[in-house]
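Below: the structure, in structure tokens.
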Amino acid sequence: MDYNFKEIEAKWQQYWADNNSFKTIDDFSKPKFYCLDMFPYPSGAGLHVGHPEGYTATDIVCRYKRSKGFNVLHPMGWDAFGLPAEQYAIQTGTHPAETTQKNCDNFRRQIQSLGLSYDWDREINTTDPSYFKWTQWIFTKLYNTWFDATDGKGKHINELTIPEEISKAGKKAVREYVDQKRLAYYGEAQVWYCRTCKTVCANEEVLNDGSHEKCGTKEVERRFLKQWMLRIPHYAERLLEGLDDLDWPEGVKEMQRNWIGRSTGAEVDFALVGTDKKLKVYTTRPDTLFGATYMVVAPEHELVSEITTVAQKSAVANYINSAAMKSELDRTDLSKGKTGVFTGCYAINPINGAKIPVWVADYVLMGYGTGAIMAVPAHDHRDFEFAQTYNLPIVCILDPEEGVDTELRRKILAGEACWSEDGAYINSVNKNIGIDINGLSKEKGIEQVTSWLESAGLGKATVNYKLRDWLFSRQRYWGEPFPVIHWEDGDVTLLDDAELPLLLPEVEKYQPGETGESPLSNAGEWLHVADANGRKGRRETNTMPQWAGSCWYYLRFIDPKNDSAPFAKAKENYWMPVDLYVGGAEHAVLHLLYSRFWHKVLFDLGIVSTNEPFQKLYNQGMILAFAYETASGSKVPSDMVTEKEGKYSHNETGEELHQIVAKMSKSLKNVVNPDDVVEKFGADSLRLYEMFIGPLDATKPWTENGVKGVYNFLRRVATFFGEKSNLTEGAERKETLKILHQTIKKVGDDVEDMKFNTAISQMMVFTNHCYKVGTVTSETANIFYQVLAPFAPHLAEELWALNGNLQSVGISSWPQFDLACLTEEVVEYPVSFNGKVRFRLELPVGLSAKEVEDAALKSDLTKKWIEGNTIVKIIVVPGKIVNIVLR
RNA sequence: GCCCGGGUGGCGGAAUUGGUAGACGCGCUGGACUCAAAAUCCAGUGAUAGCAAUAUCGUGCGGGUUCGAUUCCCGCCCCGGGUACCA
């Protein structure tokens with residue numbers, strides 16, 4: 001048989017479509033397997049070879065699981081809100097929905113051409129009103145939820161007890177109180193704003209030199225704007241704990257832990273001299289209180305203006321101004337050194353009564369802890385650097401003892417060097433208050449000082465997180481509108497469920513408004529509303545960020561057409577959690593943290609039945625390409641490169657180039673389009689190569705010769721098994737049976753372990769064997785097709801049908817391997833002398849160690865190797881190796 | 001700086017409760033077929049020495065444990081990713 005992949009693939013794709021082969025039925029009696037791909041943003045560029053990598057892997061797992069009797073949910077959809085379609089709209093006036101539709105159609109066509117077994121009846125699109133209706137609905141749930149810290153659980157806002165003094169203070173006070181508790185709130189936030197683009201931009205879009213990545217101008221400034229925020233830090237502890245039981249790559253879990261950034265320490269109050277105010281600091285090292293020689297507050301700290309003395313007023317004001325002008329990147333640039341200014345105010349160190357100066361410096365950040373610190377320069381590198389710059393006292397209270405060399409220790413004790421590790425306390429006694437931690441180690445010190453602070457009412461043990469409120473609004477057109485109305489009297493209300501979805505208005509221009517307002521502020525008719533009493537209101541004009549739609553899409557796949565609920569409870573109960581989630585590592589934190597957060601809120605509200613959404617996560621590695629660069633490091637496009645005997649040179653200059661691995665890029669002309677690969681080698685070859693190129697989680701370069709290699713394999717399969725005379729009836733050769741059953745076992749095990757590359761190599765070994773022996777039985781062939789089917793489904797179906805099977809290979813059961821076929825009769829023992837293998841000895845299987853030893857000693861070859869030496873010891877590992885130690 | 005990955009032939013990669021290093025594929029070399037080429041099929045292919053049998057070396061570097069180390073331990077080097085004044 002010729003390997004006519006075009007014909008074969010078209011035929012079977014049609015067959016699967018006609019027979020609804022991949023339709024998932026909600027049959028609750030079967031064991032379920034929910035296998036999810038991170039759904040793509042349908043860009044205008046179409047599919048990249050990186051997309052089918054993950055999709056093929058999950059497809060193989062799904063086809064395998066189906067043949068093992070599982071009810072498999074394997075859906076696909078589009079994360080289709082996003083900036084590119086909107087920018088295209090600004091340039092051309094094309095409605096983003098139109099662009100999106102076109103791109104989705106193209107993505108769908110490309111994905112379908114790969115023979116992936118998705119249930120297309122469950123396709124979803126985040127921009128579809130029937131989808132974002134429920135995104136808006138979930139937003140209203142977040143808005144109407146508060147976090148009860150006592151129970152560690154989110155609850156409906158109706159369950160919030162209003163303190164009596166608040167209710168007495170009137171309606172406005174009550175509303176403010178409640179708003180402070182909601183998981184979603186509308187508040188002032190400091191954001192980046194680009195005057196050229198007339199829009200806020202993300203931190204990542206502002207480059208090192210203070211210019212805006214998108215337009216290149218330096219018209220970027222910080223603005224305070226009212227924005228929607230989500231109180232994700234309330235779930236910090238839950239998000240942290242939840243990680244422990246997840247089957248995720250350790251690296252991803254670690255990144256989430258770092259992002260959440262839990263630290264334990266204490267809050268300590270310092271009295272301010274000459275005022276009745278207190279300055280509250282957060283520290284992880286309350287034990288070093290004796291070494292606190294000054295304090296620092298962030299420039300934005302509310303007390304700054306109050307505590308600054310008249311003499312220091314202008315210096316402080318200047319400093320605050322210049323700090324405000326600095327970009328975040330300047331401010332956090334460690335190489336630039338620390339700056340600050342004295343406020344003129346002093347505080348009292350509660351542990352020893354010392355009067356210490358209060359400074360303002362921008363190395364202290366308002367957003368973490370209390371925005372103020374006690375500085376312990378002897379034992380904190382940042383404080384040390386600052387103290388050196390401004391000649392502030394450095395008092396060592398922790399002796400490193402034997403931990404360092406004598407010179408360094410001398411410096412540390414003299415306050416000339418900084419020591420942040422453990423040691424033994426010195427100078428840490430205050431008899432008046434009964435504190436003496438001298439000689440203790442760090443752990444004990446922290447414990448004792450903290451309990452003293454608590455008993456003295458000066459502070460308390462505190463847990464802090466780096467995780468911040470999530471800025472949840474964008475000044476964009478192409479996003480989910482917030483179902484929110486701002487009324488003229490200052491009231492804010494949400495639409496009723498019955499009024500959802502709130503659709504996007506048609507607008508004439510997609511350009512943002514003049515004052516940092518979203519393009520929706522141009523939509524006059526949509527914008528202005530009035531209630532029954534004639535009260536006027538204005539709709540929220542910001543839209544939700546792209547994360548919103550992807551936060552819960554895995555739930556919608558369960559019941560995508562439900563229009564009375566986001567999903568039916570019974571179905572959710574059956575399908576959740578997701579058993580396998582595959583996608584790129586770039587979502588290690590944001591998407592995966594955001595959706596875990598939403599999921600936990602929904603769990604608390606009784607809307608979902610599992611505490612976590614994704615039980616097992618697997619990150620596919622990136623697919624890169626070879627690129628070429630000159631000795632000086634400049635890159636050369638692939639079409640300018642000539643290869644000769646493993647050396648590369650420039651077509652025109654003849655300069656020698658060396659091969660590197662880099663991201664595919666248009667400028668390097670090394671982008672691979674999956675369409676071209678399918679056209680040239682077929683979908684099965686593309687699928688197989690995506691898996692054979694290397695381990696799924698590794699970063700690896702694409703090579704066309706590699707595709708040829710797997711194409712060659714498939715062609716050899718088609719040629720061998722397509723030839724009727726190669727298939728016989730009757731009993732199979734023993735050796736063929738052995739390799740066949742090895743293959744069944746290895747491929748099955750490897751699929752379970754996501755080791756697809758070695759599964760394929762085993763199938764190659766089997767095929768090479770078939771060529772060697774010339775014929776196999778048709779039963780052997782059938783079994784091989786079943787093993788091949790998850791990987792190269794089109795070819796497997798074709799051969800399966802050719803062999804007389806009437807139903808799809810996809811509905812057959814995974815073959816059982818027979819242990820009896822795998823057992824060897826002889827073992828080839830490597831015999832080594834002093835660890836070096838010298839020869840091999842064939843022995844019957846199942847001999848005892850003693851029998852193996854005797855047999856080895858009897859061999860003439862052994863005698864030869866022993867000659868002139870004495871045997872010290874003989875090690876026999878039955879079934880593995882013989883090692884004879886000589887002297 | 002800190003955290004997490006990873007270093008194995010010319011290349012992508014196999015093999016770890018410590019037990020024959022280099023499966024499978026690419027590339028390369030030789031042969032068959034062909035007027036020739038492509039395609040295909042067959043054989044070889046870690047390095048060095050040798051006609052060969054064979055020997056020595058060999059999993060980033062330096063040590064250690066062991067009968068035996070790619071695998072375990074200690075100390076380094078290099079590459080990739082994440083993060084960054086979080087007190």
Side-chain angles (χ1 to χ4, degrees), chain A residues 249-255 257-259 261-263 265 281-285 288 296 298 329 331-338 361-365 367-376 379-383 385-386 420 464-468 585-586 588-589 619 621-622 624 626 643 645-647 659 661 688-689 692-695 697-710 712-713 715-716 719 755 757-765 767-768 771-772 828-840 872-877 879-886:
Chain A
E250 272 312 312
V252 175
K253 289 205 224 177
E254 206 47 41
M255 274 167 78
R257 289 192 187 106
N258 291 340
W259 193 267
R262 183 185 203 271
S263 74
V281 302
Y282 171 71
T283 175
T284 54
R285 297 292 304 275
T288 60
V296 184
L329 283 148
R331 242 180 102 159
T332 56
D333 189 345
L334 288 160
S335 65
K336 291 208 173 141
K338 296 190 174 28
D362 65 6
Y363 80 91
V364 171
L365 309 172
Y368 186 76
T370 61
I373 62 155
M374 64 178 210
V376 185
H379 306 293
D380 180 286
H381 288 105
R382 296 151 302 182
D383 298 343
E385 191 192 330
F386 190 79
S420 57
N464 242 306
Y465 301 92
K466 288 188 206 171
L467 192 63
R468 309 293 166 81
E586 67 274 18
V589 176
N619 289 128
M622 252 194 299
L624 307 177
F626 285 115
E643 191 258 314
E645 286 166 11
K647 301 224 167 171
Q659 195 181 48
V661 171
L688 225 58
Y689 181 61
F692 189 62
I693 181 171
D697 57 358
T699 303
K700 56 237 156 191
W702 184 276
T703 61
E704 180 159 312
N705 277 334
V707 190
K708 268 189 218 159
V710 294
N712 219 14
F713 161 65
R715 185 187 48 72
R716 277 162 63 85
T719 309
K755 285 158 67 178
N757 53 335
T758 50
I760 294 167
S761 87
Q762 180 61 37
M763 291 189 275
M764 289 171 168
V765 168
T767 308
N768 290 346
Y771 269 78
K772 200 159 275 169
E828 208 176 57
Y829 279 92
V831 181
S832 55
F833 296 83
N834 291 340
K836 281 188 177 137
V837 178
R838 296 304 179 179
F839 64 94
R840 290 160 226 294
V872 179
K873 196 174 174 185
I874 301 179
I875 290 118
V876 176
V877 184
K880 294 261 178 168
I881 198 169
V882 178
N883 189 22
I884 299 172
V885 187
L886 302 173

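Below, read A as the first sequence line, B as the second, and so on, with proteins coming before strands; counting in each chain starts at 1. All values reported here derive from a predicted model rather than from experimental measurement.
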Select base, sugar-phosphate, or nothing to describe what [X] touches, counting heavy atoms under 4.0 Å on all strands.
X	answer
A:Asn464	nothing
A:Arg716	sugar-phosphate
A:Lys880	sugar-phosphate
A:Thr719	nothing
A:Arg262	nothing
A:Asn757	sugar-phosphate
A:Pro249	nothing
A:Asn712	sugar-phosphate
A:Val765	sugar-phosphate

Base-pairing mate for [N] - Watson-Crick or G-U, with both contacts under 3.5 Å:
N	answer
B:rA87	none
B:rG44	B:rC28
B:rC2	B:rG82
B:rU66	none
B:rA53	none
B:rC76	B:rG60

With heavy-atom distances below 4.5 Å as the criterion, would you say the side chains of [X] and [Y] are in contact?
X	Y	value
A:Arg716	A:Asn768	yes
A:Val710	A:Met764	yes
A:Tyr829	A:Ile881	no
A:Asn834	A:Val885	yes
A:Thr719	A:Arg715	yes

Taking [M] as the reference, what is the distance to [N] when you measure between their [atom1] atoms (whole Å, please)?
N	M	atom1	answer
B:rG68	B:rC61	C1'	22 Å
B:rC72	B:rA55	C1'	31 Å
B:rC24	B:rC35	C1'	37 Å
B:rU45	B:rU34	C1'	26 Å
B:rA52	B:rG46	P	14 Å
B:rA32	B:rA39	C1'	14 Å
B:rA49	B:rA37	P	32 Å
B:rG64	B:rG58	P	15 Å

- Query: side-chain contact (heavy atoms from CB on, under 4.5 Å) between A:Asn258 and A:Glu254: does it pass, once the steps are laid out?
  - Reply: CA-CA 6 Å; A:Asn258 291 340; A:Glu254 206 47 41; 4.0 Å; yes
Working to the nearest 0.5 angstrom, can you tell me the gap between [X] [atom1] and [Y] [atom2]?
X	Y	atom1	atom2	value
A:Ile693	A:Lys700	CD1	NZ	6.5 Å
A:Glu586	A:Asn619	CD	CG	8.0 Å
A:Leu467	A:Tyr368	CG	OH	11.5 Å

To the nearest Å, give me how far apart [atom1] ([X]) and [atom2] ([N]) are.
X	N	atom1	atom2	result
A:Glu385	B:rA84	CD	P	19 Å
A:Glu704	B:rG27	CD	P	11 Å
A:Trp702	B:rC26	CH2	P	15 Å
A:Phe713	B:rC24	CZ	P	13 Å
A:Lys253	B:rG5	NZ	P	13 Å
A:Arg257	B:rA84	CZ	C1'	20 Å
A:Glu254	B:rC3	CD	P	10 Å
A:Gln762	B:rC24	CD	P	10 Å

Find every protein N or O atom lying less than 3.5 Å from an N or O atom of nucleotides 45-48 of chain B, and list the pairs.
none

Of the listed nucleotides [options], the one nearest the side chain of [X]:
X	options	answer
A:Pro695	B:rA14, B:rC3, B:rG25	B:rA14
A:Asn883	B:rA87, B:rC24, B:rC67	B:rC67
A:Ser761	B:rA23, B:rA87, B:rU83	B:rA23

- If you take atom types as modelled and just measure distance, does the side chain of A:Lys708 reach the base of B:rC26 with a donor-acceptor pair under 3.5 Å? no
Is any side-chain nitrogen or oxygen of [X] closer than 4.0 Å to OP1 or OP2 of [N]?
X	N	result
A:Ser263	B:rA87	yes
A:Tyr368	B:rA87	yes
A:Asn705	B:rG27	yes
A:Arg838	B:rU20	no

- Query: So, A:Ser832 side chain and A:Val882 main chain: donor-acceptor pair closer than 3.5 Å or not?
  - Reply: yes
- Query: Taking the six-membered ring for Trp, are A:Tyr363 and A:Phe386 parallel (under 30°), tilted (30 to 60°) or perpendicular (over 60°)?
  - Reply: tilted
- Query: Would you call B:rG9 syn or anti, using the 90° rule around 0?
  - Reply: syn
- Message: Nearest heavy atom decides the nucleotide; on that basis, is A:Asp380 or A:Met764 closer to the 5' end of RNA chain B?
- Response: A:Met764
- Whichever of A:Arg715 and A:Gly709 has its nearest RNA chain B nucleotide further upstream toward 5': A:Gly709
- List the steps and the verdict of side-chain contact (heavy atoms from CB on, under 4.5 Å) for A:Ile760 and A:Tyr689. CA-CA 9 Å; A:Ile760 294 167; A:Tyr689 181 61; over 6 Å; no
What pairs of nitrogen or oxygen atoms, one from the protein and one from nucleotides 10-12 of chain B, lie under 3.5 Å apart?
from, atom 1, to, atom 2, distance (Å)
B:rG12, O2', A:Ile693, O, 2.6

